[in-house]
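Just so you know, these numbers use all the heavy atoms, side chains as well, and skip hydrogens, waters and symmetry mates. Everything numeric in this text was worked out from a predicted model, so none of it was measured.
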Amino acid sequence: MEINWYSNRTNKTKKGEDFMYAVEPSFWLRLILVLTVFIGLTTLFNAIIRRWLKVEKPKAFSHNHVNDRHKKIDWTLRIFFIVLMVIGAFVNAGRIGQEPYLFLQPWVLLFVLVFTSEIIRAVMERKYAENPNAYLSTIYQSAFILVLLIVLFSTDFFGIL
């Protein structure tokens with residue numbers, strides 16, 4: 001049975017009865033397992049890379065801007081992507097019944113924002129950071145997360161979800 005994601009979220013069974021989409025009871029447990037493994041692997045990798053390259057651990061939940069120029073570039077990029085998400089929401093809302101534009105989907109824009117900001121961070125660390133290995137740490141961490149995400153999505157989360 002083909003799922004139509006752009007309808008009113010109901011579908012018909014073979015007997016013609018309506019039903020709503022739902023998740024399996026074990027879905028949340030499996031999601032927590034995947035997230036725990038993902039966060040654990042990235043934390044372990046980041047700790048190993050920081051120790052190997054002798055880079056300080058950044059403050060948790062902070063932007064860690066290298067200088068004021070980096071801060072301005074980073075915030076300009078964030079505002080640009082927020083505006084792009086709002087525009088994308090209106091454009092894709094106008095396409096109900098049709099396939100939405102993939103490049104205007106919020107999850108695609110968030111992935112692009114995160115990796116673009118990490119590339120900018122690596123460039124700024126290369127030019128202005130006190131520790132010459134700081135940019136390598138950023139590049140290795142971003143590459144590891146990208147590879148891990150590609151593996152997870154291409155294997156359908158190893159069949160867990």
Query - Common cluster, M85/V114, ILVMFWY with side-chain heavy-atom separation under 4.5 Å - result: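 Different hydrophobic clusters.
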Requested in this report: Could you state whether I139 and I119 fall into the same hydrophobic cluster, counting links through intermediate Ile, Leu, Val, Met, Phe, Trp or Tyr residues with side-chain heavy atoms under 4.5 angstrom apart?
Outcome: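 Each belongs to a different hydrophobic cluster.
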Query - side-chain hydrogen bond (donor to acceptor under 3.5 Å, both in side chains) partners for N64, two or more places apart - result: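 N64: side-chain hydrogen bond (donor to acceptor under 3.5 Å, both in side chains) contacts with S62.
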**Report entry** Partners meeting side-chain hydrogen bond (donor to acceptor under 3.5 Å, both in side chains) with S137 (sequence neighbours left out)
**Finding:**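 With sequence neighbours excluded, S137 shows a side-chain hydrogen bond (donor to acceptor under 3.5 Å, both in side chains) to Q141, given in chain and number order.
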For residues [X] and [Y], report the shortest heavy-atom separation together with the two atoms involved.
| X | Y | result |
| --- | --- | --- |
| V55 | N133 | CG2-O, 3.7 Å |
| M124 | I73 | CE-CD1, 4.5 Å |
| V108 | L102 | CG2-O, 3.4 Å |

Query raised in the report: Can you name the salt bridge (charged side-chain N to carboxylate O under 4.0 Å, His left out) partners of R126, sequence neighbours left out?
Result: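 Scan of R126 (salt bridge (charged side-chain N to carboxylate O under 4.0 Å, His left out), adjacent residues dropped) gives none.
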Report task. Using the salt bridge (charged side-chain N to carboxylate O under 4.0 Å, His left out) rule, collect all pairs that involve residues 146-160, keeping only residues at least two apart or in two chains. Result ->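 Sorted pair list comes back empty.
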Requested in this report: Any salt bridge (charged side-chain N to carboxylate O under 4.0 Å, His left out) involving residues 44-67? Give me the pairs, sequence neighbours left out, ordered by first then second residue.
Outcome: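 Residue pairs with at least one partner in residues 44-67: there are none.
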Query raised in the report: So which pairs with a foot in residues 122-147 pass ring-ring contact (aromatic ring centres under 6.0 Å, His included), sequence neighbours left out?
Result: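 Qualifying pairs: F45-F144.
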For [X], ring pair (Phe, Tyr, Trp, His ring centres under 6.0 Å) partners two or more places apart:
| X | value |
| --- | --- |
| F157 | F153 |
| F111 | none |
| F90 | none |

Query raised in the report: Can you list every side chain to side chain donor-acceptor pair (under 3.5 Å) pair that touches residues 74-86, not counting sequence neighbours?
Result: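 Every side chain to side chain donor-acceptor pair (under 3.5 Å) pair that includes a residue of residues 74-86, provided the two are not neighbours, is H63-R78, H65-D74, D74-R78.
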Requested in this report: Any side chain to side chain donor-acceptor pair (under 3.5 Å) involving residues 80-91? Give me the pairs, sequence neighbours left out, ordered by first then second residue.
Outcome: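 Listed by first then second residue: nothing to list.
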Requested in this report: Drop me the distance from L109's CG to L84's CG, to the nearest 0.5 angstrom.
Outcome: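 Here the rounded value is 5.0 Å.
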**Report entry** Spacing of CG belonging to L148 relative to OG1 belonging to T42, to within rounding of 0.5 Å
**Finding:**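 Atom-to-atom, L148:CG and T42:OG1 are 7.5 Å apart.
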Report task. Without swapping roles, check the side chain of R95 against the backbone of E99 for a donor-acceptor pair under 3.5 Å. Result ->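 A pair under 3.5 Å: yes.
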Only distances under 3.5 Å count here; give the side-chain donor-acceptor pairs of residues 25-35 to other protein atoms, sequence neighbours excluded, each with its distance to 0.1 Å.
{"from": "S26", "atom 1": "OG", "to": "R30", "atom 2": "NE", "distance (Å)": "3.4"}
{"from": "R30", "atom 1": "NE", "to": "S26", "atom 2": "O", "distance (Å)": "3.4"}
{"from": "R30", "atom 1": "NH1", "to": "I160", "atom 2": "O", "distance (Å)": "2.9"}
{"from": "R30", "atom 1": "NH2", "to": "E24", "atom 2": "OE1", "distance (Å)": "3.1"}

